[in-house]
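The model shown is predicted, which means the values in this text are computed figures rather than measured ones.
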Amino acid sequence: MQPLTIAFIGNGKSTNRYHLPYVLQLPDQFQVKTIYARHLDSPWQAIDGVHYTTDINDIYGDDAVTLVVITTPASSHYQLAKDALNHGKNVLLEKPFTDTVEQAEELFALAKAKDLFLQCYTNRRFDSDWLTVQAVIDSGKLGDLTELDSTFDYFRPETPLNSTYRAADSFLYGHGTHTLDQVVGRFGKPDRVRYDVRQLLGAGKMNDDFTVDLYYGNLKVCVQSSYFRITPRPSFSVYGTRGSFIKQDTDRQEFDLKHFYLPDHDDFGLDRPVDFGVLTYMDADNQYHQEKVPTVRGDYGRVYQGVYQTIVNGAPKITQDAETLQVMRMLETGVKDLH
């Protein structure tokens, strides 16, 4: 098979930091042909052989373009995805997927009617810390799961201070979409959900702190984040009837990407031993164990590998439509009382 021809709508941080470094590692599966942006004065280095344009019809009118990847701000996702689908293009759409559940449902229905591929870009399913948590769970050493805390903290008080409130630009939409998707992708639709979504600086400012509790039978999953944690909580804390697993540090892919250290390095995104999580448990003979768990390698490129397999070989999507809709329902519900 020939590689799929890709065009990007958007030429900012998302395209250049979280997409292109991985796509360019898959030349047998993808060829980047065109990148559209409203302006061509991007600070990002241009890629040889790629056509940069301010005319979006260079994408819509090009029959060679098989897949359009949309990485623009969330407020533009719905209309751009709708336009791309109406021009007969398969679409990979950054998250948060849309502003509302209604918009997401409309887009999925349109893609189905036109027999086109549409999927949310859920790269954080392939964070190294989350992959490691799942490997520990699958090992059975924790016993029956009772609680899982997922946390992503910042200390950036200037960000909410200089903000104004808009639902789809809230912290829950902007970051909760990552971590809630991880949970839904692993455990599915929760039995019930409890929300504590706050504006610590008061009404009119962005949502800057949230806790969302998802309940699955006897398992409680707590997804939480804040802009005001000068000392971050562990990335993951997992508890079961026979043990616990604590992973303090988050995935290193983003850290390396921010320093322009790219996936073409063998040690890209790899944890150091000091970063490994700690597993503590009692075995079947009631013997106590505590050990460091080497971190599973993360790889955002697995999203693109999945996209290729779905479009070319008809494999199931790695992120199902129902999962994206469930995340959108939680995002929309979580901010409904903010203003």
Query raised in the report: So Y304 and Y22, ring-ring contact (aromatic ring centres under 6.0 Å, His included) or not? Walk me through it.
Result: CA-CA 8 Å; Y304 277 95; Y22 297 94; 8.2 Å; no
Report summary line: side-chain contact (heavy atoms from CB on, under 4.5 Å) test vs F8 passes for just one of N16, V68, T34, L20, namely L20
Query raised in the report: Is the number of heavy atoms from other residues, nucleotides or ligands under 6.0 Å of E158 CD greater than 12?
Result: yes
Report task. Flag yes if more than 12 heavy atoms outside D144 fall under 6.0 Å of its CG atom; otherwise flag no. Result -> no
Report task. Test salt bridge (charged side-chain N to carboxylate O under 4.0 Å, His left out) on D271 and K247 and set out the steps. Result -> CA-CA 11 Å; D271 267 4; K247 180 72 171 72; 3.0 Å; yes
Report summary line: Output for pair (F152 CZ, S150 OG), nearest 0.5 Å, gives 9.5 Å
**Report entry** Cation over ring face, R229 and F155, 6.0 Å, 45°
**Finding:** no
Query raised in the report: Looking at NZ of K189 and CD of Q326, how far apart are the two atoms once the value is rounded to the nearest 0.5 Å?
Result: 6.0 Å
Requested in this report: Would you please say whether a donor-acceptor pair under 3.5 Å links the side chains of N313 and Q309?
Outcome: yes
Query raised in the report: In Å, rounded to the nearest 0.5 Å, how long is the span from CG of D208 to OH of Y154?
Result: 13.5 Å
Report task. Compute whether any side-chain donor of one residue and acceptor of the other, for S235 and D129, lie under 3.5 angstrom apart. Result -> yes
Query raised in the report: Do H19 and Y300 meet the criterion of a side-chain donor-acceptor pair at a distance under 3.5 Å?
Result: no
Requested in this report: State, without any angle test, whether N11 and R38 hold a side-chain donor-acceptor pair at a distance under 3.5 Å.
Outcome: no
Report task. Consider only side-chain N and O atoms of D267 and Y261, and report whether a donor and an acceptor are under 3.5 Å apart. Result -> yes
Query raised in the report: What distance do R242 atom CZ and Y281 atom OH have between them, rounded to the nearest 0.5 Å?
Result: 10.5 Å
Report summary line: With Y18 as partner, the option from K13, Q253, E254 fulfilling side chain to side chain donor-acceptor pair (under 3.5 Å) is E254
Query raised in the report: Between Q134 and D138, do the side chains contain an N or O donor and an N or O acceptor separated by less than 3.5 Å?
Result: no
Query raised in the report: Taking T280 for the side chain and S244 for the main chain, is one N or O donor matched with an acceptor at less than 3.5 Å?
Result: no
**Report entry** Side-chain donor-acceptor pair present, D149, S237, cut-off under 3.5 Å
**Finding:** no
Query raised in the report: So, D196 versus T211: side-chain donor-acceptor pair below 3.5 Å or not?
Result: no
Query raised in the report: In Å, rounded to the nearest 0.5 Å, how long is the span from NE2 of H175 to OG of S225?
Result: 5.0 Å
Query raised in the report: What class does the angle between the rings of Y308 and F30 fall in, given that below 30° is parallel, 30 to 60° is tilted and above 60° is perpendicular?
Result: perpendicular
Query - Pair E94, T71: side-chain N/O donor-acceptor within cut-off below 3.5 Å - result: no
Requested in this report: Give, for atom CG of D251 and atom CG of N123, the distance between the pair rounded to the nearest 0.5 Å.
Outcome: 9.0 Å
Query raised in the report: Would E332 and T100 count as having a side-chain donor-acceptor pair, cut-off 3.5 Å?
Result: no
**Report entry** CA sep, side-chain torsions, deciding dist, call: R302, D299, salt bridge (charged side-chain N to carboxylate O under 4.0 Å, His left out)
**Finding:** CA-CA 6 Å; R302 288 173 61 180; D299 181 8; 5.8 Å; no
Requested in this report: Apply the test salt bridge (charged side-chain N to carboxylate O under 4.0 Å, His left out) to residues D181 and R125: give CA-CA distance (whole Å), side-chain angles for both, the deciding distance (0.1 Å), then the verdict.
Outcome: CA-CA 7 Å; D181 173 75; R125 292 192 179 194; 2.8 Å; yes
Query raised in the report: Would the F171 and F210 ring centres measure less than 6.0 Å apart?
Result: yes
